[in-house]
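Let me begin by presenting the structure, written as structure tokens, before commenting on it.
Only this structure's heavy atoms are used, side chains among them; waters, hydrogens and symmetry mates stay out. All ligand and atom numbering here is 1-based and tracks the order in the structure.
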Amino acid sequence: MKIEERKGNLQLKNNGALEIVFIGTGTAFSKVLYNNNLIIIKGNTHILVDFGFNAPVSLNQNTGLTPMDIEAFLPTHSHADHIGGVEYLALFNRYVGTRTFNKPQLKLITTKEYQKIFWNNSIKGGLEWNEANNEGKMKLNDYFDVHLAESIPSRYRTKYKFNFEGIELEFFGTNHIPDTAKTQKKAFISYGLFIDNKVMFTGDTKFDKSLLDIYADNSELIFHDCSLEGNPVHASLDELRTLPVEWKKKMYLMHYGDEWAKYKINDFAGFAREGVRYIFD
Ligand SMILES: [Zn+2]
């Protein structure tokens, strides 16, 4: 893996190498860092993973892109630092962009279990009614071209797989909320991703060694969420320090607080940085 600084606007096409760019690496409460959201690029394909409440700004600041450049979106879970910008994304496509009204072109990659919750509990309020309502209420697929991942039977953890135009994705459920959920299957829906059989992106999760036991050895690199202090619904830095040395050496911390620079983390690969290109040859 090599890290390259971005020169000019981020290019959403490359020579076919897997590439990951964070548009933000902060917690939900950061005032300096942006929401922990990222873009996966490979060949002619890209996927925006999460679009939080400050992502309309961070997308521009850290990539130079606009929402009209984005062709596919994947939400990990319902917290606002992950999906708070989705109404903006959907309405920008409808009103500011030149995409057709009648045939939504923004692709949504999600699961059958999450698509209804995503629409009904999070975004329907701002999107259901608009100028077109003489034709009936708007629905999720009026805004998005929905692509559903395929369930993988698994006893202890929810899993899905999806090959999106050459990017191999495995969704895995994480044990993020509530703090009392003892296992992933008792927790509310939240996904992480195993990307192209080489990069583990945990999404939001409590410290969960059983999750790392599945993917860490097979990962070239791990992006793990990290609360710098103790936290009931996120893995903390102290908890992550208890992991095997060989996992920590390839682990970049993400979803961290503004005071990150005060922390010495020489046992890890580093803090993930906003706006730079992580390229996997
Ligand atoms: Zn969360």
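A salt bridge links D267 with K248: the distance from a Lys NZ or Arg NE/NH1/NH2 to an Asp or Glu carboxylate oxygen falls below 4.0 Å. A salt bridge links R273 and E5; the closest N-O separation between the charged side-chain nitrogens and carboxylate oxygens is under 4.0 Å. Using a 4.0 Å cut-off between charged side-chain N and carboxylate O, E4 and R277 make a salt bridge.
Between Y252 and Y278, the ring-plane angle classifies as perpendicular under the 30° and 60° cut-offs.
Within the sub-2.8 Å shell of the Zn ion (ligand 1), the protein contributes these N/O/S atoms: H77 NE2, H79 ND1, H176 NE2, D204 OD2.
For D208, the side-chain contact (heavy atoms from CB on, under 4.5 Å) partners two or more places apart in sequence, or in a different chain, are R157, N175, T205, S210, L211.
A side-chain donor-acceptor contact under 3.5 Å links H79 and H176.
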